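What follows is a short report on a single structure.
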Amino acid sequence: MTEETALQRVKFYQTGTHTVGNRLIDKGARSVQSSMDRSNAITSGHRACQGCGEALGARYALDAAMRAAEGQLVAVNATGCLEVFTTPYPETSWQIPWLHSLFGNAPAVATGVAAAMRRKGRSEVKVVAQGGDGGTTDIGFGCLSGMFERNDDVLYLCYDNEGYMNTGVQRSSATPPTARTATTPALGDAPGNVFGTGKNLPLIAMAHNIPYVATASVAYLHDLEDKVTKAMHIPGARYIHIMVPCPLGWGTASDATIHIARMAVESGLFPLFEAEHGEVTRSNKIRRRVPVKDYLAPQRRFAHLFKKGQEDTTRIARLQRMADANIERFNLLGERESP
Amino acid sequence: MRKQLPFAITLDPGTSLANQTGSWRTERPLYVDRLPPCNNACPAGENIQKWLYHAEEGDYERAWQVLMEDNPLPGVMGRVCYHPCETECNRAKMDETVGIHAIERFLGRQAWEQKWKVIFDAEPSGNRVLVIGAGPSGLSAAYHLTRLGHAVTIREAGPAAGGMMRFGIPKYRLPRDVLDYEIQRILDMGVELELNVKVGDIEGAFEKEGFDAVFVAVGAHLAKRIDIPAHAAGKILDAVSVLRGMEAGGEPPQLGRRVIIYGGGNTAMDVARTAKRLGADESMIVYRRSRTEMPAHDFEATEAEEEGVIIHWLRTIKQIDETMVTVEKMEIDADGRPQPTGEFETIEADTLILALGQDVDTAFLERVPGVDIAKDGVVQVDTRMMTGRTGLFAGGDMVLAERTVTVAVGHGKKAARNIDAWLRGESFENPEKHELAGFDDLNTWYYDDAPQTVQSALDIVRRQTGFEEVLKGLTEDNALYEARRCLSCGNCFECDNCYGICPDNAVIKLGPGDRFRFNYDYCKGCGMCAAECPCGAIKMVAENL
Amino acid sequence: MLKQIEGSIAVAEAIALCRPEVVCAYPITPQTHIVEGVGALVKSGALENCEFINVESEFAALSVAIGASAAGARTYTATASQGILFMAEAVYNAAGLGLPIVMTIGNRAIGAPINIWNDHTDAMSVKDAGWIQLFAETNQEAVDLHIQAFRLAEELSSPVMVCMDGFILTHAYERIDVPTQEEIDAFLPPYDPVQVLDPVEPYSIGAMVGPEAFTEVRYLAHEKQLQALRLIPEIGAVFKDVFDRESGGLIHPYRTEGAETIAVALGSVNGTIKEVVDAMRDEGAAVGSISICSFRPFPLDELEATLAGAKHVVVIEKSLAPGLGGILASNVRMALREMAVPVYTVIAGLGGRPITMASLRGILEAAAKGRLPDVQFLDLDHGAVEREILRARGIRRSGPTAENILKSLGAAAVAGDE
């Protein structure tokens, strides 16, 4: 046995896996995105807004899926921003086989593709379906639940920007309480979206007992890639719910997308975890905890909570309690033993 | 054969490349290099960040070579430098400063163990340069001049090279084998050293001996004295003499059981700690101001106190009567100055050592035409470090500057580069400094949490009884870890964030060592690359629309 | 091979012989027996290499079919009635994407009121979705049309809907010649798609098309239907060569030579119509009929040519365009736009109402005498509807505000008087 060198012994790498790449860590531990030969499933020239979280999240996820599938990948897309900004005739940004059918049927279409591949003797070709939160939690929910329930061999990626952004920022069942949208205006006694509504799709997915469910965020690339890679190697129905901030819909600066996504996680409002067969198996620990205010205040959709001199402390506190509840439920501070 | 695809609804892959979204841009990102605060603060002008970069990869030799481009004494420097780099280090605002000095010392050690040689390839210039004084400044000048191809002779009045490094800094801070090794390495490059030669005739060096340029760096060795009323004179020594006496090779100075050191500078601390090691039961410092105002570094006072040195703050010595030293209590006024209170105390002491600073012995320069000596006794030099006498340069403690080994080494380098330029009939221009990389330019989220490595220290009994080095060096593991704590402020370290984070794939990765390029055909100017660059190496500038 | 068999089961067996690779099933009466039949063949192993997928809705059924077809699989599903409305968005989508899915419609009425019995409202609701719509007159033709449908769909890259009347055909036990595997294999080559999702050629299917090209895309959809007008008879001819019987084609004229009154209809009612025609011809009446097999594309030229000598055209249809009248009749009028021939609309058989020979005969006789109204509801209970119209008129509330207010005041005044 050769003696271990300091380079092997020292496990501290300046930026660790927080940055996209790191020349100091093992090649095998480097992200797909840091690679010069990543597939760029979505290439340049697409028409997403400046700083679009979804364009980024989709490329992150699909490039990782491409690597895991060794290039044998087909993507199905629900109607929505991602579909519209990537494929306006006569140009497409996709460099992988891609199919768009309707707003609400991406999971079912993917089921069909997977079935065909199996029957065609092409089972090495893996299928991902993707949609925004509207296409996933609302209009596509029936098909998604069906795909889950049948345990079809599809990885479903939900890019959650908490509203119908493509149609002009309307409320979806993923819109958080108090958020202003075009259909939950910042008017009246309780401006913005109301408390006590909405659905938590990762938990609903878990209730289907499918083999793999995870949440991920564009601000945590390595974690996102790890989850996609893991999911790609599990047969059956898999679901990854990725938070992708929308500068336009959230009212944030175009350069703040990653920062805001990070604040969502670090505040506890968007817990990162994974679950197998209905049970949470791991949660990502909060690294530098922040109050929900740090997440909310930079977003114009929450501006009514932070009016000068009349901050809505009651509802901010209620949002803080939601974050605290997540922290407790998913053990985000790591105070309990991991499950 | 390729089939005819359905019109419009089916599209060929990647065709959006025809849509150049760069036209949306109102701001464009630019890659910049900013000046890291460590580099900016280094009196020796080291490119600290660059040598840390190589050390991070475990390429210690390359790191050392980069370091050696600016400073020939890493082993010394890693021990005695007061590391202003660390004071300015942005990491200190995150957790703790990067232990630059300890890594430098580690590299010095590696170079010794591996017998690394400096790589330089200058052609011999045919010029001869005389360096007067073999202290840090003179050695540094000689080293750099040699690297630049000039033939150098050093003349040193004392019995050994090293100057204050040898005769001012105690062994427990700088073991002499380290010093000897690093001096010898300079001599091995071809520098001629003449010891016990006091140069009195500068003009003769030019005119008779034919030196093309002279660099004078004789230091400041004359101890400052004050008058203290003495009924019966006790034993009064000066700090410089005591420390020099430690190096004479014979018996160490006899200081008695109780010693008072008068002064609050680093030299006072050195002498107090030396006294303790020489067996004094009571080694006491008397200083007229408080800890906040003392010129010594806080860690020196702390280490002295750890070793049992007692510091009497806010006291001035008023009178000595054999072993009875009368001190007056002081208090700090609103302007931060000590004012007498009229309250007195007495302290018993066998010896009083004055550590009140040193002056330059400029006598031999006063005869040189053109040389201007200021009222406070320092030699005047211009921005090139040249005195009023053409071809005569000066540096180190004898010119107006902070008197530290590192400043002296920096002077040596600066003088050497100017001498070289002057010899070639040119003027040396420092490359334009980049904008400083401030803490606010960084995105500190990306750096892993990592407290500074603590250098282990000798146990206290051995510190109180001998001259063994107090601070231990880092192991390779520690040094590698510590180097990786560097934030690379202001300069790309190829973390790939811009490349990965761009939603428009508008960053082109050029490969290891070659950094990145923006593809302005597609960059929409969202600014995410700049916001998420950990080290502030991207800035957004307005497009001219 | 001749079998005494339920229509649905015969179709299921024929589908299975066409070697579909993906079949999606969601139950709705009256098509249920077909997918159940296919499912049983898959489960028993009789139909190999086929994914039989039980989905959660008709919307999902056609969506799964879309994915499977786009990935190059021969794909089949079936639905009816409400089901076709629930999948309507996907119906358009499958056509727009040019996917050769074959779907059976077990024709049934659409509610409300909910009604499980036969008419053609379901097929008519998606007549302009871009699918080819073939109507089977008999269960034998239903079997044959499905076989032809796959070939037609795959040659043309277009989805094909085979319509067979609910219960009347789907649940009828008849003697049916179910072909052999060899015959079908001789007729139907393996599916070789024009475009397919494949990492080897990763193109994007389903782009967003704006005003700059949308008209052209729609024109091409129309043009594809015009191609089908040519292709349907060709395939019918090939079918005849292989199977030695007439099936499919655009229209089936029956005793139209010299006919002055010609009935036109879709689907199984043509059987009854033919019997009436025979009876009236026996009595010397110049009547004939046309069974339209291909409703989409609509065979304008063939109808014009066949109806050229007619004096009265009676369209008997199992659907209604409320506020207009006949759907099929409107289409037939388009075929006869150059001719001054009256085209009567007879709405018949809605929601499973029997269409009797006596009623049909009455209609044709009246038509021959020029005594039919433009739109006639066959066997309508006039008393019932008139009573309801009267009753509803009395309680009507919406309408001009002033009138309603006066009505309310009147009602209140009456109440107050009491």
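Residue numbering restarts at 1 for every chain, and letters A, B, ... go by the order of the sequence lines. Just so it is clear, the structure is predicted and the values come from calculations on it, not from any experiment.
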Where on I501(B) is there a heavy atom nearer than 4.5 Å to chain A: the side chain, the backbone, both, or neither? both
Part of I96(A) lying under 4.5 Å from any heavy atom of chain B: neither
Between T444(B) and chain A, with a heavy-atom cut-off of 4.5 Å, which part of the residue counts as in contact: side chain, backbone, both or neither? both
Okay, E532(B) and chain A: the region with an atom under 4.5 Å from a heavy atom over there is side chain
Interchain contact, Y53(B) with chain A, by part (heavy-atom threshold 4.5 Å): both
Within the distance-only criterion (no hydrogens, no angle test), does the side chain of Q14(A) pair as donor or acceptor with the backbone N or O of C486(B) below 3.5 angstrom? yes
Chain B contact via E54(A) - side chain, backbone, both or neither, heavy atoms under 4.5 Å: neither
Nearest 0.5 Å, please: how far is NE2 in H18(A) from CG in N443(B)? 11.5 Å
With no hydrogens and no angle check, is any side-chain donor or acceptor of R59(A) less than 3.5 Å from a backbone partner on G500(B)? yes
With a 4.5 angstrom heavy-atom cut-off, which part of D521(B) approaches chain A: side chain, backbone, both or neither? neither
So, the part of Y60(A) with a heavy atom under 4.5 Å from chain B: the answer is side chain
Ignoring hydrogens and angles, tell me if any N or O in the side chain of S44(A) forms a donor-acceptor pair with the backbone of L17(B) under 3.5 Å. no
Per-residue contact mode, T86(A) against chain B (heavy atom under 4.5 angstrom): neither
Proximity breakdown for R30(A) and chain B, heavy-atom pairs closer than 4.5 Å: neither
Hey, is the main chain of W445(B) close enough, under 3.5 Å, to the side chain of R287(A) for a donor-acceptor pair? yes
Under a 4.5 Å heavy-atom cutoff, which of R47(A), H100(A), E266(A) has the most pairs with chain B? R47(A)
Counting distance only, does the side-chain N/O of K509(B) pair as donor-acceptor with the main-chain N or O of S34(A) below 3.5 Å? yes
At a 4.5 Å cut-off on heavy atoms, which part of L7(A) comes close to chain B: side chain, backbone, both, or neither? both
